[in-house]
Chemist: 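After the structure tokens below, expect a handful of questions from me.
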Amino acid sequence: MKLSKKPGCVLALCLLFANVVTVKAQDTWSLKRSVDYALANNITIKQQDVQRRLADLTLKQSKLAQVPSVNIGVDGTVGSGRNIDPYTNSIITQSYFTSGAGVTAGVTIFNWFSQQNIIAANKYQSAAQSSLFVKAQNDVAFNIANAFLQILLNNEQVHISELQVKLTTSQLENTKKLVIAGSVPESNQADLEAKLASDSVTLVNAQNQVVISTLQMKALLNLGFDVPYVPEIPEKIADIPLPRLDEVDPEMVYSAALSTNPLIKADELLVKSMQRSYASAKGQLYPKLSASANVNTSYANSANNALVVGQTPYTVTVGQVVVNGTTYDVTQSGYKDNTVLKTIPFNDQINNNLRQSVGLSLSIPILNGWQARTNMQKARLNITTQQLVREKDNQQLRQDIYTAHANAIAAIQKFSAASKGVLASQRAYDFATKRFDLGLMNTIDYITTQSNLFKAQVDKVSAQYDYIFKMKLLEFYRDQKITL
């Protein structure tokens, strides 16, 4: 049996064994390996992880804001010219140096639970970002599966195109022999040569689609474009487990998605976060009670003590007396202390100047440009905005699920029709081959019949992968996971 006369059988064998890959395991990428690699390296996931960690830090900071604030301050000053002595408050014209240190602490005692509501709002924000992180992971995993199926589809189309080129080449070789023998006109050879050129272009385009889809996969994986990516093709595409249509009823899938879809979860959490933010902003309209404490001390090099270093005898006249007409001076003798000024030691000044204070403060907002009230109104509008976002996302999810279900039904029907089309085209081609061999059909009609078979085979493969993808999409909406 010649290859040119039974292309359908050869094509069936080719498609049967096209999925058998003998590449070493470490050189191939399974869907699981691709997804795992993407979860660790995909840029979108990394960006969402940064947002999640930022939300965690914001939550941590809001919790630590409840801890009393403590600050230590140290200062130093050098003065010259006419100044006030920082120690005696007298006017001096000499240079001086002063330094001081203090510890200040403060804590909010009561602010109408504004801080507690901020903490609760940040908790919901953090949980929402975690849900969005899961959504990013799920979306990337689904996109990986979609790209994986696209590569498989493109590879299948390459196999079909290669077979078509081989069949046309074989027919051309046989026709050349018949032309030399004078059995058929030379125009038959020219027609087949044109057909071979067309089939070769189709093969090149199919091979290019494999390259493009592989590059798209590498971009999703954040894999170097110079790193080989060879998909691990399942043994039988037709054996990929798919849910039944009654298992993915759109309303049932939507009900399941409301509890599993991370975007819906994030929307609910964000609404709660906005509600707590509103409660916090409302608390800013009321008085705030705070406590504070302060400990400080200081040092100045102009702070001096008089130190006695010795005594000097002295005699002074304090008056006069007249005795028998003679005037005598009255004197007083004693010893005068000799003193020098010495700067008070640093430690002594620190101890002597140590001061402490404790206080309570009540802040009552009266008029601040309506800032607090405007913030409260903005927070209330943020609740409405987020509620509308939640409603829109729910509506979009429902629409997407119903659309996916309708597309899945159409894909099933398309695949069924394409399968019947292949059978019909195969029969037509078999009959055309017999007529062509008997000289009852011209080359143009025969090539047309062959092209119809080729198109039907490509359409069937495309419809099969489209059907698989549409069913997996419904499964993804329902379970938030995808497997092949």
Side-chain angles (χ1 to χ4, degrees), residues 1-19 146 149-171 191-192 194-196 198-207 209-210 213 233-234 236-240 242 244-245 404-437 440-474:
M1 183 183 297
K2 293 184 178 180
L3 181 65
S4 61
K5 293 185 178 181
K6 294 295 181 181
C9 297
V10 177
L11 178 61
L13 291 173
C14 180
L15 291 177
L16 179 62
F17 292 102
N19 294 319
N146 184 24
L149 284 173
Q150 188 63 49
I151 293 175
L152 298 187
L153 170 60
N154 293 337
N155 278 325
E156 292 286 4
Q157 292 178 340
V158 168
H159 293 321
I160 296 174
S161 298
E162 289 175 342
L163 179 59
Q164 184 66 28
V165 169
K166 291 179 181 179
L167 293 175
T168 305
T169 301
S170 177
Q171 290 170 348
D191 292 337
L192 287 172
K195 179 67 167 59
L196 178 60
S198 176
D199 291 343
S200 299
V201 171
T202 302
L203 174 59
V204 171
N205 290 335
Q207 291 171 335
Q209 288 302 313
V210 172
S213 58
I233 303 176
K236 291 184 179 180
I237 296 296
D239 291 341
I240 292 177
L242 297 175
R244 302 191 311 270
L245 272 177
H405 188 267
N407 289 336
I409 294 177
I412 294 174
Q413 296 172 345
K414 183 179 177 182
F415 177 60
S416 177
S419 300
K420 294 177 182 178
V422 169
L423 294 176
S425 297
Q426 182 66 59
R427 290 180 60 192
Y429 180 76
D430 290 341
F431 284 125
T433 300
K434 293 178 181 179
R435 296 183 65 192
F436 181 75
D437 291 343
L440 301 177
M441 178 180 283
N442 61 49
T443 307
I444 297 298
D445 292 339
Y446 181 67
I447 290 175
T448 300
T449 305
Q450 188 184 35
S451 298
N452 290 338
L453 175 59
F454 172 70
K455 182 177 182 302
Q457 291 163 342
V458 172
D459 289 344
K460 178 183 177 181
V461 172
S462 298
Q464 182 181 25
Y465 278 90
D466 185 57
Y467 163 57
I468 293 173
F469 173 74
K470 294 298 192 302
M471 296 302 294
K472 286 296 181 181
L473 177 59
L474 283 171

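Model, not experiment: these values are computed from the prediction.
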Chemist: Does one side chain, of Gln209 or Asn205, offer a donor that lies under 3.5 Å from an acceptor on the other?
Modeler: no
Chemist: Rounded to the nearest 0.5 Å, how far apart are CG of Leu423 and CG of Leu453?
Modeler: 10.5 Å
Chemist: Would you say that Leu245 contacts Met471 through its side chain, given a criterion of any heavy-atom pair below 4.5 Å between the two side chains?
Modeler: yes
Chemist: Got a salt bridge between Asp430 and Lys434, using NZ or NE/NH1/NH2 to carboxylate O under 4.0 Å?
Modeler: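 Between Lys434 and Asp430 there is no salt bridge, as every charged N stays at least 4.0 Å from the carboxylate O atoms.
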Chemist: Which distance, rounded to the nearest 0.5 Å, do you find between the OH of Tyr429 and the CD of Gln457?
Modeler: 9.5 Å
Chemist: How would you list, by chain and number, every residue that makes a side chain to side chain contact (heavy atoms under 4.5 Å, CB included) with Asn146, sequence neighbours excluded?
Modeler: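 In terms of side chain to side chain contact (heavy atoms under 4.5 Å, CB included), with neighbours along the sequence ignored, Asn146 is linked to Phe469.
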Chemist: Determine, step by step, whether Gln450 and Lys195 satisfy the side-chain contact (heavy atoms from CB on, under 4.5 Å) criterion, reporting the C-alpha distance in whole Å, the side-chain angles of both residues, the deciding distance to 0.1 Å, and the verdict.
Modeler: CA-CA 10 Å; Gln450 188 184 35; Lys195 179 67 167 59; 3.9 Å; yes
Chemist: At what distance, to the nearest 0.5 angstrom, does CG of Asn155 lie from CD of Glu162?
Modeler: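 That separation rounds to 9.5 Å.
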Chemist: Can you tell me how far apart NZ (Lys470) and CD1 (Ile409) are? Round to the nearest 0.5 Å.
Modeler: 12.5 Å
Chemist: Could you measure the distance from the CD1 atom of Ile447 to the CZ atom of Phe454? Nearest 0.5 Å is fine.
Modeler: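 Ile447 CD1 to Phe454 CZ: 14.0 Å, rounded to 0.5 Å.
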Chemist: Calculate, to the nearest 0.5 Å, the distance between atoms CG and NZ belonging to Asp459 and Lys414 respectively.
Modeler: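 The distance works out to 7.0 Å.
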Chemist: Without hydrogens or angle criteria, can the side chains of Gln157 and Ser462 be said to hold a donor-acceptor pair below 3.5 Å?
Modeler: yes
Chemist: Say whether, by atom type as modelled, one donor and one acceptor occur between the side chain of Ser200 and the main chain of Leu196 under 3.5 angstrom.
Modeler: yes
